[in-house]
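Below you'll find the structure, written out as structure tokens, and then a few comments.
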Protein chains: 2
Amino acid sequence: MVKITDVARHAGVSPSTVSYALSGKRPISEETRQRIEASIRELGYRPHAGARALASSRSNVLALVVPLRAGIHVPVVMQFAVSVVTAARRHDHDVLLLTQEEGEEGLRRVADTALVDALIVMDVQLHDPRLPLLRALDRPSVLIGFPAGPAGLTCIDLDFKAAGELCVERLARLGHRVVALVGSPPEVYVRGTAFAQRVVEGFTAAADRGGLASSVHPCEASPAAARRVAEQLLREQPALTGVVVHNEPVLEPLIDAFGQLGLRVPVDLSVTAICPDELAENVRVPVTSVAIPSTEVGARAVELLMKKLGGTDVPEATLLAPRLTERASTAPRTLTP
Amino acid sequence: MVKITDVARHAGVSPSTVSYALSGKRPISEETRQRIEASIRELGYRPHAGARALASSRSNVLALVVPLRAGIHVPVVMQFAVSVVTAARRHDHDVLLLTQEEGEEGLRRVADTALVDALIVMDVQLHDPRLPLLRALDRPSVLIGFPAGPAGLTCIDLDFKAAGELCVERLARLGHRVVALVGSPPEVYVRGTAFAQRVVEGFTAAADRGGLASSVHPCEASPAAARRVAEQLLREQPALTGVVVHNEPVLEPLIDAFGQLGLRVPVDLSVTAICPDELAENVRVPVTSVAIPSTEVGARAVELLMKKLGGTDVPEATLLAPRLTERASTAPRTLTP
DNA sequence: TTCCCCCGTCGAAGCGCTTCGACGTCACGC
DNA sequence: GCGTGACGTCGAAGCGCTTCGACGGGGGAA
């Protein structure tokens, strides 16, 4: 293994000079720097991560805690993880993958052993048991999602409430007066996943504001459940013409079910969704949707963390404005005379 | 921060004794060990990962390289990643997440800086540019998937060839004489992804062996492409009664398309698939399938790596036998008189 | 009883890097 | 012309842990 002393000897300088040339923490003459860089290349030098971490008390590793639970859409998680890794690399950091399963103990472990410098936590619950720990930890963290009491924490997410509102407003502007929300599986609400609830809030608020009749229907992530919900909607709200879907796996089955029940999208029924663009585009009828900007959230989370590591203050809350893309699943309400 | 010397003082022993008590590399009397463990708990001691890595030249971190490409089924990757993390934790290791994008340079970096002790590489291509590097690296690695020349490497995967055979044999036993394989998107074959090709090999070999008429059809991952393939199959092989699908996103759309073309599954057409059980179970018609055992592959990959790290020899190739689960999509061929 | 060896523990020497203080040199201002 | 910084570099002191060699003591073999 080639070490910093080898480089130093080869370049005719002291090890500390090599270190400073690498870190830029002290001025080094252009000429010396060139010589050092040449030696590094020639010898193929790579600083030892452990030694560096020990001496500098910085590991240049971020922890990313991913959820495993039922009812969350896996591709979104993956896309998010990839964007975190990519963003982290831009800042010369790596990413350690932790599962939710490890829980608080896992967070404490990687933080206390100085394995990581900072943490990103996904799938935050309204009353997440990890919150006190994250507040107490000496390492900065960023949460994806908003808990009930976000004070003292840094949180970022799509503004799901605004997303819910946006979907309803879109339908209202198209003339729809009776709308329904097909939401996440019941267990997601039961455990208090913030984003699911916020969609409901936004949906309901916008419907009330606009004087629309509305209802909310949690739905299991199966085609059969989708079918049941479709039947129920028809039975209970025969005047229904607008549906908002916030449940990825059910989007396509639901549209199919409506079709089989004699409701054509968008002729008889307009559908909007909150889901990844990729999904919205690949349904039989491309769906007007608010995108889940996982890539942007991931990148922004890393930026926030880097600022915090650098000692800069960052806002406690970052809400990304929803953007709705018009596709083929929405149309003005057909007025029945 | 509480360090090993603090624990040592508190327990009335020397730091080295604490270290040995922790690692078990030298015998420590039961009584002393108890005292040390009590001190550790009381003081909340956690060994500093960097210091440990520096002194022991073991970071206790594994690198996991995940693919990002088109045509691979994301939930499988995620499930695999989670199983690697879980298995690694059982061996007191953590997992560093790398993206394919980082390429060879990324592998070299984490290996040469001693950030990781070993590597797991997913989505190996037949002529993967990373192979020479992996052979040359001083750290052990395990590949998920088999390249063209696996000598000197440790590889593990589902036996996709056997899986292809199994699907055909099942159809043959049910009396089907004309079969087709709907495979991965063309680009997957173009770039030489081994597992896709092996399915084709197995499929073709078994069909030939059984004297079945067969054809192979790569297929884009979109409902429209599925529909086109279905139409093409009907046109070109009117006697077709058995289909093997190795393309997750297309499984359901394909069955739908057949339905719309007047072919009922399994009455007119038997379908088997190679895909995650979770998907096979959630199609309109639950599909008889060979599962992709991502969880098992992940866990086994970690075990292999641990053995290699421990100096034990491991087999170069580990092929997991395919297992077919009978569901509703297969039936004996209806003999037309 | 004596010798030897093994058990349990200690002390010290690093692992490879960063960082702090120090020092010489040069340019600039007064 | 001399003080005063700033610049560029060096040496040494760790960072917290593991590990090697050593050593005292006790038990078994001879």
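Predicted, not measured: the structure shown is a model, and the values here were computed from it.
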Worksheet item: Hey, is CD on Glu101(A) packed in by over 12 heavy atoms from elsewhere, all under 6.0 Å?
Response: no

Worksheet item: Would a distance-only check, ignoring hydrogens and angles, find a side-chain to backbone donor-acceptor pair under 3.5 Å from His48(A) to Gly50(A)?
Response: yes

Fill in: Selection: residues 9-18 of chain A, any non-hydrogen atom under 4.0 Å of DNA chain C
Ser16(A)

Item to complete: Answer yes or no: is there an ion pair linking Lys3(A) with Asp6(A), defined by an N-O contact shorter than 4.0 Å?
Response: no

Worksheet entry | More than 12 heavy atoms of other groups within 6.0 Å of Glu31(B) CD | no

Practice prompt. For Ser19(A), answer base if it contacts any base atom (sugar-phosphate contacts may also be present), sugar-phosphate if it contacts only those atoms, and nothing otherwise; contact means non-hydrogen atoms under 4.0 Å.
Written response: base

Item to complete: Report yes or no: does Ser19(A) contribute a side-chain atom to a donor-acceptor pair with the main-chain N or O of Pro15(A) at less than 3.5 Å?
Response: no

Discussion item. Between Arg26(B) (side chain only) and Tyr20(B) (backbone N and O only), is there a donor and an acceptor less than 3.5 Å apart?
Written reply: no

Worksheet item: Which residues within residues 27-36 of chain A lie with some heavy atom under 4.0 Å of an atom in DNA chain D?
Response: Pro27(A), Ile28(A), Ser29(A), Thr32(A)

Practice prompt. Would you please name every residue forming a salt bridge (charged side-chain N to carboxylate O under 4.0 Å, His left out) with Glu278(A), sequence neighbours left out?
Written response: none

Solution key, residues 145-159 of chain A side-chain donor-acceptor pairs under 3.5 Å, sequence neighbours excluded:
residue	atom	partner	partner atom	Å
Thr154(A)	OG1	Lys308(A)	NZ	2.6
Asp159(A)	OD1	Lys161(A)	N	3.4
Asp159(A)	OD1	Ala162(A)	N	3.0

Worksheet item: Do Ser59(B) side-chain atoms and Ala53(B) backbone N/O form a donor-acceptor pair below 3.5 Å?
Response: no

Worksheet entry | Covered region of DNA chain D, 5' end to 3' end, by chain B [heavy atoms, under 4.0 Å] | dG16(D) to dA22(D)

Worksheet entry | Salt-bridge present (Arg46(A), Glu105(B); N to O < 4.0 Å) | yes

Worksheet item: Does a side-chain N-to-carboxylate-O contact under 4.0 Å join Arg109(A) and Glu102(A)?
Response: yes

Discussion item. Would you say that more than 12 heavy atoms from the other residues, nucleotides or ligands in this model lie under 6.0 Å from the CG of Asp138(B), or not?
Written reply: yes

Show me the protein contacts with nucleotides 22-24 of chain C, counting only N or O atoms at under 3.5 Å.
residue	atom	partner	partner atom	Å
dA22(C)	N6	Arg26(A)	NH1	3.3

Response to the item:
Of Ser23(A) and Ser56(B), the one whose nearest nucleotide on DNA chain C sits closer to the 5' end is Ser56(B)

Item to complete: Among Asn60(B), Val302(B), Leu62(B), find the residue that satisfies the side-chain contact (heavy atoms from CB on, under 4.5 Å) test when tested with His91(B).
Response: Val302(B)

